[in-house]
Amino acid sequence: MARVFCIANQKGGVGKTTTTVNLAAGLVRADQRVLLIDLDPQGNATMGSGVDKRALELSVYDVLLESASIAEARVKSEKCGYDVLGASRELAGAEVEMVSVERRERRLKQALEAVQGDYDFVLIDCPPSLSMLTLNGLCAAHGVVVPMQCEYFALEGLTDLVNTIKQVHANLNKDLKIIGLLRVMFDPRITLQQQVSDQLKGHFGDKVFDTVIPRNVRLAEAPSYGLPGVVFDPAARGSQAYLSFAREMVARAR
């Protein structure tokens, strides 16, 4: 039975896609079977997994509109070792097309039921907004992993996200909960970041992952090569941190 996790944060530019692709690659190295679902119309997680979004015959768009199954639409990332249900630009139109359909927020959840036995982990990269796409991800997931920078405005955005998760839990998905907060792009030399990190741990306790992802040039370079940092340069500090995070996720999911 696959564990389904959304990587979500309503604030943009916090490393959601970087976290999704590197966690997926790290889990593969921990001998886990992984499916990555790209719910962002920009398709960055698709491209960052070595899959050309422009060459996709079928995508998550077709799955949400029920014209294809996940088994038909998924592709294998040979470089990374996990399966990808990719996104392309047409996904942006899916929200308009889904406005009048029944069960629109549960389309992804239903599609996943057919492939639950094929994977240990399903990771969903959500767009940086509370849209119908994000709602599909939250309804399909067992939990949410929240990557966040240790900055003041990140705390503001976290409050909104926690309220959203509570609403989805109450009305649409009783299984949904926050799995943990992941501190990313962390620079221990900046006093404010240390202070916000301490605030997070004080308020959320063991919901804050032990692993901290440092600010790292090699992680930033990797997407231009169409690879997660874990594959592009496994020895880099950022890659090693994501490998450690993958092991922590496996331990928490048991």
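Worth knowing before you read on, the calculation uses all heavy atoms, side chains too, and leaves out hydrogens, waters and symmetry mates. We number each residue from 1, following the sequence as shown.
When all heavy atoms of Val208 and Leu200 are compared, the closest pair comes out as CG2-O, 3.6 Å. Contact between Thr19 and Pro147 at its shortest, heavy atoms only, is OG1-CB, 3.8 Å. Nearest heavy-atom pair across Leu123 and Thr20 is CD1-O, 3.8 Å. Of all non-hydrogen atoms in Lys76 and Gly81, the two that sit nearest each other are NZ-O, 3.3 Å. Closest non-hydrogen pair, Met148 versus Asn9, comes out as CB-ND2, 4.0 Å. Between Val63 and Ala111, the closest heavy-atom pair is CG1-CB, 3.5 Å.
Gln149 places no side-chain N or O within 3.5 Å of a backbone atom of Val184 that could act as its donor or acceptor partner. Asp62 places no side-chain N or O within donor-acceptor distance of the main-chain N or O of Ala68, the cut-off being under 3.5 Å. When atom types are taken as modelled, the side chain of Arg237 and the backbone of Val217 share no donor-acceptor pair closer than 3.5 angstrom. For Asp40 (side chain) and Pro127 (main-chain N/O), no donor-acceptor pair under 3.5 Å exists by modelled atom type. In terms of modelled atom types and a separation under 3.5 Å, the side chain of Ser244 and the main chain of Gln240 share no donor-acceptor contact. In this structure, Lys174 contributes its side chain and Ala170 its backbone to a donor-acceptor pair below 3.5 Å. Put simply, the side chain of Gln32 gets close to the backbone of Ala30: a donor and an acceptor are under 3.5 Å apart. With hydrogens and angles ignored, the 3.5 Å screen pairs a side-chain donor or acceptor of Glu248 with a backbone N or O of Thr211. A donor-acceptor pair is defined here as one N or O able to donate and one able to accept, closer than 3.5 Å; such a pair exists between the side chain of Asn136 and the backbone of Arg104. Gln116 contributes no side-chain N or O that, together with a main-chain N or O of Glu113, makes up a donor-acceptor pair within less than 3.5 Å.
Under the ring pair (Phe, Tyr, Trp, His ring centres under 6.0 Å) criterion, Tyr82 pairs with no residue, sequence neighbours left out. Residues that satisfy the ring pair (Phe, Tyr, Trp, His ring centres under 6.0 Å) test with Tyr225, not counting sequence neighbours, are Phe232.
Using a 4.5 Å heavy-atom threshold, the side chains of Ser49 and Leu36 count as touching. Taking the side chain as every heavy atom from C-beta outward, Cys139 and Leu108 never approach each other to under 4.5 Å. A 4.5 Å side-chain heavy-atom check between Asn22 and Ile213 finds every atom pair outside the cut-off. Residues Val146 and Leu158 are in side-chain contact: their nearest non-hydrogen atoms beyond the backbone lie under 4.5 Å apart. Looking only at side-chain heavy atoms (C-beta outward), Ser59 and Leu85 stay at 4.5 Å or farther from each other. Taking 4.5 Å as the limit, some side-chain heavy atom of Met249 sits within range of a side-chain heavy atom of Leu23. Counting heavy atoms from C-beta on, the side chains of Tyr119 and Val34 never come closer than 4.5 Å. For the pair Glu105/Leu172, a side-chain contact is recorded, criterion being any heavy-atom separation below 4.5 Å from C-beta on.
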Query raised in the report: Hey, mind stepping through Leu56 and Val51 against side-chain contact (heavy atoms from CB on, under 4.5 Å) and telling me if it holds?
Result: CA-CA 8 Å; Leu56 291 173; Val51 175; 3.8 Å; yes
Report task. For the pair Leu64 and Leu91, evaluate side-chain contact (heavy atoms from CB on, under 4.5 Å) and give the outcome as yes or no after the intermediate values. Result -> CA-CA 9 Å; Leu64 291 174; Leu91 183 58; 3.9 Å; yes
Report task. I would like to know whether Val144 and Ile179 meet side-chain contact (heavy atoms from CB on, under 4.5 Å); could you show each step before the answer? Result -> CA-CA 5 Å; Val144 183; Ile179 299 299; 5.9 Å; no
Report task. May I have the step-by-step check of salt bridge (charged side-chain N to carboxylate O under 4.0 Å, His left out) for Arg103 and Glu66, ending in yes or no? Result -> CA-CA 12 Å; Arg103 309 170 283 100; Glu66 297 184 337; 3.6 Å; yes
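Side-chain contact check for Thr18 and Tyr242: no donor-acceptor pair (N or O, by modelled atom type) lies under 3.5 Å. At a cut-off of 3.5 Å, with distance as the only test, a side-chain donor of Gln10 or Thr164 sits close to an acceptor on the other residue. Counting only N and O atoms by type, the side chains of Thr46 and Asp38 include a donor and acceptor under 3.5 Å apart. In this structure, a donor-acceptor pair under 3.5 Å is present between the side chains of Tyr61 and Glu97. Side-chain contact of Thr17 with Asp125: a donor-acceptor pair under 3.5 Å is present, judged by distance alone.
Rounding to the nearest 0.5 angstrom, the gap separating the CD atom in Gln193 from the CZ atom in Arg215 is 6.5 Å. Distance NZ/Lys201 to CG/Asp210: 8.5 Å, rounded to 0.5 Å. Taking CZ of Phe245 as the reference point, atom CZ of Phe209 lies at 4.0 Å (rounded to 0.5 Å). In this structure, CD1 in Ile190 is found 4.0 Å from CG in Asp187, a value given to the nearest 0.5 Å. From Ile70, atom CD1 reaches atom CG of Asp83 across 10.5 Å, with rounding to the nearest 0.5 Å. Once rounded to the nearest 0.5 Å, the distance linking CG of Leu227 with OG of Ser77 reads 7.5 Å.
When the side chains of ILVMFWY residues are joined at heavy-atom separations under 4.5 Å, either directly or via intervening members, Leu135 and Ile124 end up in a single hydrophobic cluster. A continuous path of ILVMFWY side-chain contacts below 4.5 Å connects Leu243 to Phe121, so both sit in one hydrophobic cluster. By the rule that hydrophobic residues join a cluster once side-chain heavy atoms approach within less than 4.5 Å of another member, Val21 and Val75 end up as members of one cluster. Under the 4.5 Å side-chain heavy-atom criterion for Ile, Leu, Val, Met, Phe, Trp and Tyr, Phe186 and Val14 are members of distinct hydrophobic clusters. The cluster map of Ile, Leu, Val, Met, Phe, Trp and Tyr, joined by side-chain heavy atoms under 4.5 Å apart, puts Met98 and Leu112 in the same cluster.
A salt bridge between Glu90 and Lys53 is absent, with no side-chain N of the basic residue lying under 4.0 Å from a carboxylate O of the acidic one. Of the charged side-chain nitrogens involved, at least one lies within less than 4.0 Å of a carboxylate oxygen, so that Asp118 and Arg74 count as a salt-bridged pair.
Enclosure of atom NZ in Lys207 by more than 12 non-hydrogen atoms of other residues, nucleotides or ligands within 6.0 angstrom is indicated.
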